[in-house]
Amino acid sequence: MVVNNENRYSGGAKRFPEGGMDGVCSPLSHLSISKSDKQPASVHSPAEYCSYNVKSETVTPGLPGRSGTGYPICLCPPSLTRSFSPHKREPMVDTNDQLVRDMMMHDAERMSHPDAVVNRLVYDSHDCPGSNSQPWRTFKPEAWPFKNMKMKRDLLEQHPGEMLMGFVNKTLQPWYVPENDSDRTLVFESRFESGNLRRAIQVYNTEYDLILRPDINTRGHTQWFFFSISNTRKNVHYKINIINMQKDESLYHIGMQPIIYSEKAAAAEGRHWHRSGHNVCYYQNNIKRKNGKFYYTLTMTFEAKHDNDTIYVAHCYPYTYSELQKYIYGLEADPKRSIRVKREILCKTLAGNNCDLLTVTNFNLHPQILDSRKHIVITGRVHPGESNASWMMRGALEFLTGDSLEAKLLRDNFVFKIVPMLNPDGVINGNYRCSLAGVDLNRVWHYPSKKLHPTIFYTKEMIGRLQEDHKVLLMGDFHGHSRKCNVFMYGCERKATDNSNFKISGIPGFGVTDTMNFRIQEKIFPWLLKRNAPDAFSFAMSSFKVQKSKENTARVVCWREFGLINSFTLEASFGGPSEGANAWDHFGVKDFEGMGAKFVETILDFCNPDTTLIREVCLTLEEQYPVSKHSAALAMKMAAMNGGGTDSDDSGTDSDLDSGDEDKQQEGKKAAARKPQAKKKPRKRRASLVERQSQAK
Ligand SMILES: [Zn+2]
């Protein structure tokens, strides 16, 4: 943290009067700090601060939850999700074009000599002993595959019980059992939480083609992978080709390595999850998809260091649903942390899993003071394959429930509403992007269905109510990014031509002029985060454009519908930073956790009653984003809408005639400017290209 504790806390008696802040918790009012977190007998039930108190039920920690698919899954070995080697930097590897050429030559060679190819199926997750073969067919054969969304929705609504059953098996018989010691066939497995290998085909003695299972109820989104191989032989190099990747860009292009966990290395050397694999290469192959495009291959080679080892391979450090459950139970069992955090069940998912809602604050204050606190909403893991988002979430929770003075300040002044896993079903099933209903839940925020997208429906409703009752200061949705480096943010910048009539809320003036403030408000928090996490966070890569393709995301919907200026998506690369002291090193779990902690810690700088830092930041941002005609017009319009002030607490939202006329004038000018057809077309093409290139998670 750049601003030291002394500065934050100095003159605590003046700046942070004990016990309260005149019933108001504005960023510009005084922050307060209480004497203790200790819960007195008269303390509120935490349910009073949560919008939803769905009937809580006892969940056995450590069980993987319900898959909702009928396919059996077993639990990851407990050591898997929590074992990490002592943190040391792991640089990305050098890449060269020759490697791609070599791999393509290898594939061509294989095609021209098919007789030499073994071509033997050695694993099929849907046809394993103990699996219900094609369980969906047993339900309603004529309905599979779903022909359209309506059929899918109808079935889910009419037959939830049959459709959404899940199995938990402790042990599963492997698909392939080696005949004897000389049988060196690798034994694959992925029927564990977050595993998603569908088939493995042996092509040469030590080379295997793998096919990932698409997201449940979809035909695509293959990117995340998590599986194990066993029956290895020491010093043998195994070449693994995942042949149905779908994205055209990947961080494997620039030297990212997958992560592996060897059971024997962990036992013998204490070496747990780490980056590994050589000749890692990502390239387009010659297998055509139904849409006319081609699949991509991710190939990697591992050298086994032990005989009869079991090696787990994953796209990123796994963080399963059961791991989250264990973590929350750990918080609840900790005598210190348990009084700072309360868990409730926000809702049930389609598969019947709990979606947890955590409230972190200092509950030891008068109800009126608690009611007056501003709320901060943090969500994560809407995209199940982005496990780095969960590690950031864990870092944020560790920090918020910890003993530091900063954490105490945050708990004393804010209420954190945290939904750590918005898509538990997807996480359990090893999806990359979608829910059990085959839907990208970060594209349904405009109109979430209570039945099909319950976690989004209830989270959105909660945010709406919090904003109405208490005001939401900031909303952060944690994600992982598969094509870009660094950690960065997406925010929402309002265009002067935007006609939607929404009310500004969030941070008032900060002492800068209103005209200036309108165009930089949403950039202040990211700038402060860059200041606090210079080796991981990139402000330059952050974007504040609201693209058409993102209209239905959490960030944009919360901004537009609830008027949250500080509505952000926090994206962490699966790879690592390209700038700062750790440039071109891989991110490790500690980096992700540290980023989550910095995110919440930065709120203190953002709301520091001493506005010196904020003023500095505003000046810098003003230089970087000079006043344009648009921003000036927007400032005038917003000032008019808000009755001449910037404070969002004013409830008047009616758009006056002036601003409406201004909009019409601008629309008229725009239409006139657009008239010549020749200019319109290329602009549109460019826009769609840009949109596609920067399409994020
Ligand atoms: Zn995402």
Side-chain angles (χ1 to χ4, degrees), residues 194 196 214-216 218 220-226 245-247 249-251 256 314-319 321 324 355 377-394 396 418-427 429-446 448 453 455-456 459-460 475-492 537-538 541-543 545-547 549-559 567-575 587 592 595-596 599 691-697:
S194 298
N196 67 337
D215 283 7
I216 305 282
T218 77
H221 306 292
T222 45
Q223 181 73 23
W224 162 261
F225 55 87
F226 186 21
M245 299 297 243
Q246 292 185 345
K247 288 197 174 184
E249 289 283 335
S250 170
L251 286 165
M256 185 172 90
H315 180 53
C316 186
Y317 301 93
Y319 194 100
Y321 177 69
L324 173 69
C355 177
V377 178
I378 305 176
T379 57
R381 210 70 190 280
V382 69
H383 293 146
E386 296 166 3
S387 57
N388 41 0
S390 279
W391 290 109
M392 290 197 292
M393 185 64 82
R394 187 180 173 124
I418 298 174
V419 187
M421 199 172 271
L422 279 168
N423 192 352
D425 298 352
V427 171
N429 281 297
N431 281 6
Y432 177 61
R433 199 167 176 91
C434 296
S435 70
L436 196 58
V439 175
D440 180 344
L441 292 177
N442 203 29
R443 293 294 184 276
V444 300
W445 277 76
H446 61 306
H453 326 120
T455 59
I456 306 302
T459 306
K460 183 179 175 184
M475 207 288 283
D477 190 23
F478 290 2
H479 286 251
H481 206 287
S482 67
R483 289 177 301 175
K484 293 182 180 174
C485 289
N486 304 301
V487 183
F488 56 95
M489 265 179 169
Y490 293 117
C492 299
F537 188 83
S538 166
M541 281 188 63
S542 300
S543 168
K545 300 270 182 290
V546 178
Q547 296 163 312
S549 60
K550 306 291 177 58
E551 284 284 345
N552 300 329
T553 59
R555 162 180 64 105
V556 178
V557 169
C558 287
W559 169 74
S567 180
F568 299 111
T569 304
L570 183 70
E571 297 273 3
S573 170
F574 285 112
F587 279 139
F592 294 132
M595 199 61 229
F599 182 89
E691 221 167 72
R692 219 169 15 176
Q693 277 169 9
S694 56
Q695 190 180 21
K697 347 276 64 224

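Numbers here are sequence positions counted from 1. Counting starts at 1 for both ligands and their atoms, following the listed order. As a basis for the values below, the full set of heavy atoms in this structure was taken, side chains included, without hydrogen atoms, waters or symmetry mates. If you're wondering where the values come from, they're calculated on a predicted model, not measured in any experiment.
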key: Tyr432 and Phe574 aromatic ring geometry - parallel, tilted or perpendicular at 30°/60° bounds   = tilted

inquiry  = If we count only N and O atoms by modelled type, under 3.5 Å, do the side chains of Asp477 and Thr379 hold a donor and an acceptor together?
reply    = yes

query = Would Asp440 and His383 count as having a side-chain donor-acceptor pair, cut-off 3.5 Å?
reply = yes

query = Can you tell me if His479 has an N, O or S atom under 2.8 Å away from the Zn ion (ligand 1)?
reply = yes

key: Under 2.8 Å: N/O/S of Glu386 next to the Zn ion (ligand 1)   = yes

Closest approach to the Zn ion (ligand 1) by His383, given as the N, O or S atom name = ND1

ask   = Relative to the ring of Phe592, is the ring of Tyr317 parallel (under 30°), tilted (30 to 60°) or perpendicular (over 60°)?
value = perpendicular

